[in-house]
Amino acid sequence: MISVRWIFIASLVLYGLFKRSLTTWILISMAMGIEIGLDFPAFAQNLQVLSKIFLRMVKTIIAPILFATLVVGIAGHSNLKQVGRMGWKSILYFEVVTTIALVLGLIAINLSKAGEGIHLPRDFHQDLPPTQPQSWQDVILHIFPENIIKSMYNGDVLPIVVFSVIFGIALAMLREDKRKPMLNFCESLAETMFRFTNIIMYFAPFGVGAAIAVTVGHLGLDILKSLFLLLSTLYVALIAFILLVLLPVALFIKLPIKNFVKAVSEPVSIAFATTSSESALPKAMENMEKFGVPRKIVSFVLPTGYTFNLDGTTLYLSLASVFVAQAAGIHMSLTEQLLMGLTLMLTSKGVAGVPRASLVILLGTAASFGLPIWPIMAILGIDELMDMARTSVNVIGNTLASCVIARWEGEFDDKKAINYQIENPEVKTVEARDKIHV
């Protein structure tokens, strides 16, 4: 069977050489990562350095690309009234969709009852991450930057967004001769960072494949047997959310579904393997702009959505919190479940850039509601696999949100969406040579 699997992977590599597509190579690297993790689990742990290199390089892009695109969008292309209008429309859409995700998670776990009768294996041990309870004051304070350099260093997306929006508004209020040099700088910075993203993405297959190999090598298959029902419940609930909520929204705003899938496939596959929405943000912004969403809307909605529109994380947290109660044999009424779910939804804002930060939120909420900690150890055992799914849904939900706001503002470019194609660097080089020859 091992030989058959490696022959299959070799055929995928040959297909990748023929296809010459970055998305194809990312998917092939994921398959190779799974196989390496299964066959050489000890060696797979050494590959973690590759995934960390990729994540570090991506994180260097986040702050400058957000700052540049938001400032240009506000001070260069849109008026201040539109910024306020985009803000309330985005928040309204985010809260409606995340509330539906919350309810769907509660329905799924109450139907499957995955927590009832759960037992941890005797040799199972997981170190729980340290927790620090957050009050509502802490959540609000986190929105506003204390020190913009500190926020950039820590990768806090929302404070960077708030600073950039205020900076853009201030720049828009200046005279033309004072505003123009800074606008030119920000436009140049934005274009440079998009090119920077393209360079980093050549390393994506190595980073993504290594991340998958580390995960599979670390988990093995034994823990999946005892927690298969919980994992299945989450995946089925997330698929149901995509089909019953996100797909109807996409059809309602008349998106070309096939091309939208093409546009999000690359950032989603990166998010799936790295378990970090932040790692997919630069590519998601670039692809959505090519798909027909104006840059000023992409640069505002996507980073804001990474804080307020965590559909997959919200669904997971509502599901996981009830799982903890079921495993502990504690009956919770529907009202108590909703209250706990809403608490989790509020305290989860801003965790998009941190892999498995949802566990910290879950631990804090469990302590607040008097739930035991030991069932969370079971969740931690398969949290990497759960994080892959919920992070992917976060990215899909936010890319769709940018399309919704663009359509709502009457600025969605249908022509770009219909003609969208995944760029192929080799093809572009050949086309450029042909043009020079002609």
Side-chain angles (χ1 to χ4, degrees), residues 56-90 142-201 267 278-307 353 398 402 405-406 409-413 416 423 428 432:
R56 286 189 175 199
M57 293 303 291
V58 169
K59 286 181 178 181
T60 62
I61 306 169
I62 303 297
I65 207 170
L66 286 182
F67 174 76
T69 53
L70 276 169
V71 170
V72 171
I74 292 169
H77 301 303
S78 63
N79 54 50
L80 300 185
K81 285 184 179 179
Q82 186 179 27
V83 175
R85 197 168 61 241
M86 284 194 300
W88 73 258
K89 286 178 179 178
S90 299
H142 179 73
I143 296 173
F144 300 96
E146 175 187 15
N147 182 322
I148 189 60
I149 304 300
K150 180 182 175 184
S151 298
M152 289 179 175
Y153 173 78
N154 292 329
D156 291 333
V157 173
L158 194 55
I160 296 171
V161 170
V162 171
F163 175 85
S164 303
V165 167
I166 296 172
F167 190 95
I169 291 171
L171 188 63
M173 293 176 173
L174 296 180
R175 295 198 317 263
E176 180 66 22
D177 59 323
K178 301 288 185 184
R179 183 172 70 241
K180 192 66 177 172
M182 181 57 73
L183 264 180
N184 289 339
F185 167 75
C186 289
E187 285 177 347
S188 180
L189 178 61
E191 291 300 326
T192 303
M193 294 317 296
F194 279 120
R195 296 297 179 275
F196 191 101
T197 301
N198 289 337
I199 294 171
I200 298 297
M201 285 304 128
E278 192 180 53
S279 65
L281 179 58
K283 199 62 186 174
M285 290 176 68
E286 183 182 357
N287 285 8
M288 283 300 100
E289 187 180 344
K290 291 173 183 173
F291 186 66
V293 182
R295 180 175 292 183
K296 60 185 177 184
I297 294 177
V298 169
S299 60
F300 182 86
V301 175
L302 271 180
T304 308
Y306 272 33
T307 299
N398 282 313
S402 67
I405 303 304
E409 285 288 299
E411 295 191 31
F412 186 78
D413 192 334
K416 275 188 177 181
E423 285 194 358
K428 285 177 70 179

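Between the side chain of Ser188 and the main chain of Asn184, no donor-acceptor pair closer than 3.5 Å is present.
Put simply, CZ on Phe194 and CG on Leu189 are 10.5 Å apart, with the number rounded to the nearest 0.5 Å. For the atom pair CD1 of Ile200 and CE of Met193, the computed distance is 8.0 Å after rounding to the nearest 0.5 Å. Rounding to the nearest 0.5 Å gives a distance of 7.0 Å between CE of Met86 and NZ of Lys296.
Looking at every heavy atom in both residues, Pro303 comes nearest to Val298 through CD-O, 3.6 Å. Nearest approach of Glu286 to Thr197, heavy atoms of both residues: OE1-CG2, 4.1 Å. Between Ala75 and Gly168, the closest heavy-atom pair is CB-O, 3.5 Å. Taking both residues in full, the closest heavy atoms of Met152 and Ile160 are given as CA-CD1, 4.0 Å, listed atom of the first, atom of the second, then distance. Nearest heavy-atom pair across Ala406 and Ile297 is CA-CD1, 3.6 Å.
Looking at residues two or more places apart in sequence or on another chain, you find a side chain to side chain contact (heavy atoms under 4.5 Å, CB included) between Met182 and Phe167, Leu171, Phe185, Cys186. Evaluation of the salt bridge (charged side-chain N to carboxylate O under 4.0 Å, His left out) rule for Lys150 yields Glu146 as partners, not counting sequence neighbours. Qualifying side chain to side chain donor-acceptor pair (under 3.5 Å) partners for Arg195, counting only residues two or more places apart in sequence or in other chains: none. A search for side chain to side chain donor-acceptor pair (under 3.5 Å) contacts involving Ser279 returns Thr274, not counting sequence neighbours. Contacts of Glu191 classified as side chain to side chain donor-acceptor pair (under 3.5 Å), with partners at least two apart in sequence or in another chain: Arg295. With sequence neighbours left out, the salt bridge (charged side-chain N to carboxylate O under 4.0 Å, His left out) criterion links Glu409 to Arg85, Lys89. Residues passing the side chain to side chain contact (heavy atoms under 4.5 Å, CB included) test with Phe144, sequence neighbours excluded: Ile140, Val162. Applying the ring pair (Phe, Tyr, Trp, His ring centres under 6.0 Å) test to Phe412 and every residue at least two apart in sequence or in another chain returns Phe291.
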* Asked: Going through the distances and angles, do Ile405 and Phe300 end up as a side-chain contact (heavy atoms from CB on, under 4.5 Å)?
  -> CA-CA 10 Å; Ile405 303 304; Phe300 182 86; over 6 Å; no
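Sorted by first then second residue, the side-chain hydrogen bond (donor to acceptor under 3.5 Å, both in side chains) pairs that include residues 157-175, not counting sequence neighbours, are Arg175-Asp177.
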Counting only pairs under 3.5 Å, give me each side-chain donor-acceptor contact of residues 62-70, with atom names and distances, residues two or more places apart or in other chains.
from  : atom 1 : to    : atom 2 : distance (Å)
Thr69 : OG1    : Ile65 : O      : 2.6
Thr69 : OG1    : Leu66 : O      : 3.4

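Considering Val71, Thr192, Val72 in turn, Val72 is the only one that fulfils the side-chain contact (heavy atoms from CB on, under 4.5 Å) rule with Glu187.
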